[in-house]
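Written out below as structure tokens is the structure these notes cover.
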Amino acid sequence: MADNRPIGVFDSGLGGLTVLKELEKVLPGESFVYFGDTGRVPYGSRSNDTIISYARQDEKFLLSKDVKYIVAACGTVSAVAASTAKELPVNFMGVVENSVKAAVSATKNNKIGVIGTSATINNGAHKKQILELLPNAEVVTVDCPLFVPLVEQGFSAEDIIVEEVARRYLLPMVEAGVDTLILGCTHYPILSAAIRKIMGENVTLINMGNSTALAVKEELAKLDMLSENTASSREFYVSDLTTGFSKVSEILLGEKISNVNLVDINKYD
Ligand code: DGL
């Protein structure tokens, strides 16, 4: 039985739009409801308890929109709050699991790097999952807290400041000789040219949006829940209409967003 209900996608803010972009590429017939918690972003510097309680509210909001599936399009939520999936009446996918699988199949020298927010890196979910699949892997992890504000302030991957910050963060990866690097945060694909410049052409960069979108498609197909709609739709909801909304969403999605709805996320407790 096909299921024409939308897929719910949420993020701490607008970074998840990079994941939505990949989902729409891979699942062109599906409709999407996107929630960005712009009023409480960033999650990446918060405690685990706070991230878990925010994720629960975000998921409750999406369920109120009758979604058939939930994607946590946020590296931090996926690393810290994946346990909330057990409480959900619909299937759930985060962005850690499939980026780990993609990295493990890409590496040739078993040296894998992971970059993300401080909460993601401190949580260690990627490292743990990599070692479960590849026990002799060497995993190098670095948190890159300046990358998110650089993207949100409109710095491009070609900017010399971005290149210098990337050099500082990524030097341990280069020195360790990693051949595969997981971009473990939603904003990082926007900076991939700068990251590639430091890491070199031969290092495989794993875009978690792409690996997750392919896995969502596979799971929906297996569950016979792909949509039969010929036209897709998308709805956008945020918890605050921040001043930078229009500019930042365009950087992350690659196009302007119209019709954004405001949500009082604290009502979803
Ligand atoms: N969306 C977050 C992530 O992927 C980055 C922004 C934040 O810190 O909330 O980890």
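Order of listing sets the numbers, starting from 1, for every ligand and every atom in it.
Atom numbering of ligand 1 starts at 1 in the shown order; those under 4.0 Å from a heavy atom of Pro42 are 7 (C), 8 (O), 9 (O).
In terms of polar-atom proximity, defined here as any N/O pair under 3.5 Å, Gly75 does make such a contact with ligand 1. Remark: ligand 1 and Thr186 share an N or O pair separated by less than 3.5 Å (distance only, no angle test). The shortest N or O to N or O distance between Gly44 and ligand 1 is below 3.5 Å. For ligand 1, the polar-atom distance check against Thr76 finds a nitrogen or oxygen pair separated by under 3.5 Å.
One finds no salt bridge joining Glu30 and Lys217 here, because no Lys/Arg side-chain nitrogen approaches an Asp/Glu carboxylate oxygen to under 4.0 Å.
By the 4.0 Å heavy-atom criterion, Gly13 is excluded from the residues contacting ligand 1.
In this structure, the separation between CZ on Phe92 and OG on Ser83 is 8.5 Å, given to the nearest 0.5 Å.
Checked by atom type, the side-chain pair Asp240/Thr38 shows no donor-acceptor distance below 3.5 Å. Of the N and O atoms on the side chains of Glu59 and Thr84, at least one donor lies less than 3.5 Å from an acceptor on the other residue.
Relative orientation of the Phe147 and Tyr188 rings is perpendicular, given thresholds of 30° and 60° on the angle between their planes.
Proximity annotation for atom 2 (C) of ligand 1: of Pro145, Gly15, Ser118, Ser12, Ser12 comes nearest, heavy atoms only.
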